[in-house]
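Structure record follows, encoded as structure tokens.
Only heavy atoms go into these numbers, but all of them, side chains included; no hydrogens, no water, no symmetry mates. Being a predicted model, the structure only gives us computed values, none of them experimental.
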Amino acid sequence: MENYTYDFFFLTFPTHVKNRSYLSIIFVLIYLTGVVANTVTIIVIYNDQHLHTPMYLFLCNLSIIDLCYTTITVPKLVYMLLSDDYTISFTQCFTQMYFFGHVATTEDLLLFIMAYDRYVAICNPLHYHSVLSKKSCLLFLTVAWVSGFFNSLATTFALSKIPMCYSNTVSQFFCEFKAFEKISCPNAGFQLISYLEALIFGLGPFLSSVICYIKVIIVILYIKSSDGRKKAFSTCSSHLIVLSMYYGTWISVYVMPPLKDGQIFEMTLSVLYTTITPMLNPLIYSVRNKDVKRAILKLLGCKVRDE
């Protein structure tokens with residue numbers, strides 16, 4: 001294949017799934033639920049002055065990322081299921097890959113920033129407002145988004161220049177790096193870039209988040225009263241759940257060794273972290289957070305008692 005600008009063919013769900021229209025309806029419902037939930041979260045945080053704090057600023061950015069995740073992948077998937085057209089052009093594929101890599105990198109860094117926020121709030125509460133000032137928060141977010149931009153731009157551009165030696169069939173329902181590594185020609189330079197990217201933007205934020213929560217749990221265990229421990233843990237439990245869901249599926253997809261006939265397993269995990277998790281994130285925060293629930297009721301016009 002000397003011409004690098006060829007089309008790609010998606011090998012999505014097993015061929016024995018005959019009625020794909022029902023599957024498309026499920027994805028549409030998941031997508032709409034995620035869009036509504038994340039949009040409501042953004043509006044609620046924007047409108048309620050009580051939620052103009054670092055933690056909710058980061059949560060608002062997480063909702064933006066979740067909106068991007070599903071919008072990048074689900075509409076194209078639904079179109080393929082309904083039209084039975086599983087091809088995608090070279091330009092469309094690498095455009096999708098770039099935007100997906102951008103938000104994925106940004107989310108890695110954002111989840112660490114949110115873990116650091118909880119670490120400062122619980123382990124160093126007297127210095128919380130000085131450490132996480134408005135200027136610092138904006139700086140953290142700028143670094144996360146800009147890092148995502150340059151990282152995805154570099155990796156997408158590098159991969160787009162590597163010819164596909166084995167096939168133009170992608171064993172995935174969207175264009176992503178791992179699926180393309182399987183069909184591209186071996187390239188030592190790109191493999192080095194991939195390892196560095198995984199180390200800096202994958203393993204680094206993950207281990208940093210783990211260290212933050214280890215310190216948080218140690219501090220919580222030293223709190224004498226059970227009510228105090230419960231209250232301290234409740235402030236970080238939602239983020240801990242979100243962190244576990246994200247990295248649990250991410251590690252299963254990108255770190256576990258390849259399985260024999262593991263296409264269905266990988267596809268299921270990909271659906272989880274690209275569609276299900278972005279839909280559940282705002283629901284987890286709203287269900288487990290009384291401030292968010294109060295703000296939602298206030299937005300709906302219900303009378304609430306300010307605490």
Side-chain angles (χ1 to χ4, degrees), residues 1 3-12 31 34-35 38 61-80 85-112 141-165 167-185 187 189-205 246 249-250 253-254 266-267 269-271 273-275 277-278:
M1 296 183 182
N3 180 15
Y4 295 172
T5 59
Y6 31 76
D7 291 344
F8 295 102
F9 180 80
F10 284 119
L11 188 63
T12 58
Y31 175 69
V35 168
N38 283 292
N61 276 262
L62 181 63
S63 290
I64 294 172
I65 289 172
D66 288 337
L67 281 172
C68 294
Y69 256 130
T70 52
T71 303
I72 290 167
T73 56
V74 176
K76 178 63 178 177
L77 173 60
V78 172
Y79 169 79
M80 291 190 296
D85 178 10
Y86 295 93
T87 60
I88 186 171
S89 69
F90 182 93
T91 303
Q92 289 176 337
C93 185
F94 282 96
T95 300
Q96 185 187 52
M97 184 184 295
Y98 161 74
F99 282 108
F100 184 84
H102 187 175
V103 295
T105 302
T106 305
E107 182 168 16
D108 282 338
L109 297 174
L110 180 62
L111 289 174
F112 160 61
L141 291 173
T142 301
V143 169
W145 283 98
V146 172
S147 297
F149 169 79
F150 283 109
N151 175 58
S152 185
L153 184 66
T155 51
T156 303
F157 179 79
L159 187 57
S160 69
K161 297 301 180 182
I162 302 174
M164 304 295 126
C165 288
S167 172
N168 67 335
T169 300
V170 183
S171 299
Q172 190 54 275
F173 64 89
F174 67 102
C175 294
E176 57 98 24
F177 298 112
K178 184 180 180 181
F180 272 76
E181 282 186 308
K182 294 178 180 178
I183 62 175
S184 63
C185 299
N187 187 289
F190 181 75
Q191 288 180 345
L192 178 61
I193 292 174
S194 299
Y195 290 137
L196 289 175
E197 181 206 23
L199 181 65
I200 297 171
F201 297 108
L203 185 62
Y246 177 79
T249 53
W250 186 88
V253 172
Y254 291 101
E266 288 190 11
M267 201 81 68
L269 291 173
S270 297
V271 168
Y273 80 83
T274 59
T275 60
T277 300

His102 (side chain) donor-acceptor with Trp145 (main chain) under 3.5 angstrom: yes
For the atom pair OG (Ser147) and CZ (Phe201), what is the distance rounded to the nearest 0.5 Å? 5.0 Å
Yes or no on side chain to side chain contact (heavy atoms under 4.5 Å, CB included) for Thr70 and Asp66, after CA distance, side-chain angles and deciding distance? CA-CA 7 Å; Thr70 52; Asp66 288 337; over 6 Å; no
Thr71 versus Tyr31, side-chain donor and acceptor atoms under 3.5 Å: yes
Determine whether Thr91 and Thr95 make a side-chain contact, defined as any pair of heavy atoms from C-beta on separated by less than 4.5 Å. yes
Does Thr156 use its side chain to pair, donor to acceptor, with the backbone of Leu153 at less than 3.5 Å? no
Between Pro205 and Phe112, which heavy-atom pair has the shortest distance, and what is it? O-CB, 3.9 Å
Separation of Tyr86 OH from Tyr79 OH (nearest 0.5 Å): 11.5 Å
Can you confirm whether Asp108 sits close enough to Tyr246 that some side-chain heavy atom of one is under 4.5 Å from a side-chain heavy atom of the other? yes
Flag yes if more than 12 heavy atoms outside Tyr98 fall under 6.0 Å of its OH atom; otherwise flag no. yes
Roughly how far, to the nearest 0.5 Å, is the CD1 atom of Ile64 from the CG atom of Asn61? 5.0 Å
Within the distance-only criterion (no hydrogens, no angle test), does the side chain of Glu107 pair as donor or acceptor with the backbone N or O of Leu62 below 3.5 angstrom? no
With a 4.5 Å cut-off on side-chain heavy atoms, are Leu203 and Tyr195 touching? no
Would you say Tyr69 and Asn38 make side-chain contact, with heavy atoms under 4.5 Å? no
Minimum-distance pair of heavy atoms, taken over all atoms of Ala144 and Thr106: O-OG1, 3.5 Å
Can you tell if the side chain of Ser160 reaches within under 4.5 Å of the side chain of Phe90, non-hydrogen atoms only? yes
Heavy-atom closest pair, residues Val103 and Ile65: O-CG2, 3.8 Å
Does the plane of the ring in Phe100 sit parallel, tilted or perpendicular to the ring in Tyr273? Use 30° and 60° as the thresholds. tilted
Evaluate the side-chain proximity of Leu110 to Leu141: yes if any heavy-atom separation is below 4.5 Å, no if none is. yes
If you measure from OG1 on Thr105 to CD on Glu197, what distance do you get to the nearest 0.5 Å? 5.5 Å
Decide yes or no for Met97 and Phe174: does some side-chain heavy atom of the first lie under 4.5 Å from some side-chain heavy atom of the second? no
Keeping Ser152 on the side-chain end and Gly148 on the backbone end, is there a donor-acceptor pair under 3.5 Å? no
For Ser270 and Phe173 the tightest heavy-atom approach is CB-CE2, 3.7 Å
Any Leu159 side-chain heavy atom under 4.5 Å of Phe94 side chain: yes
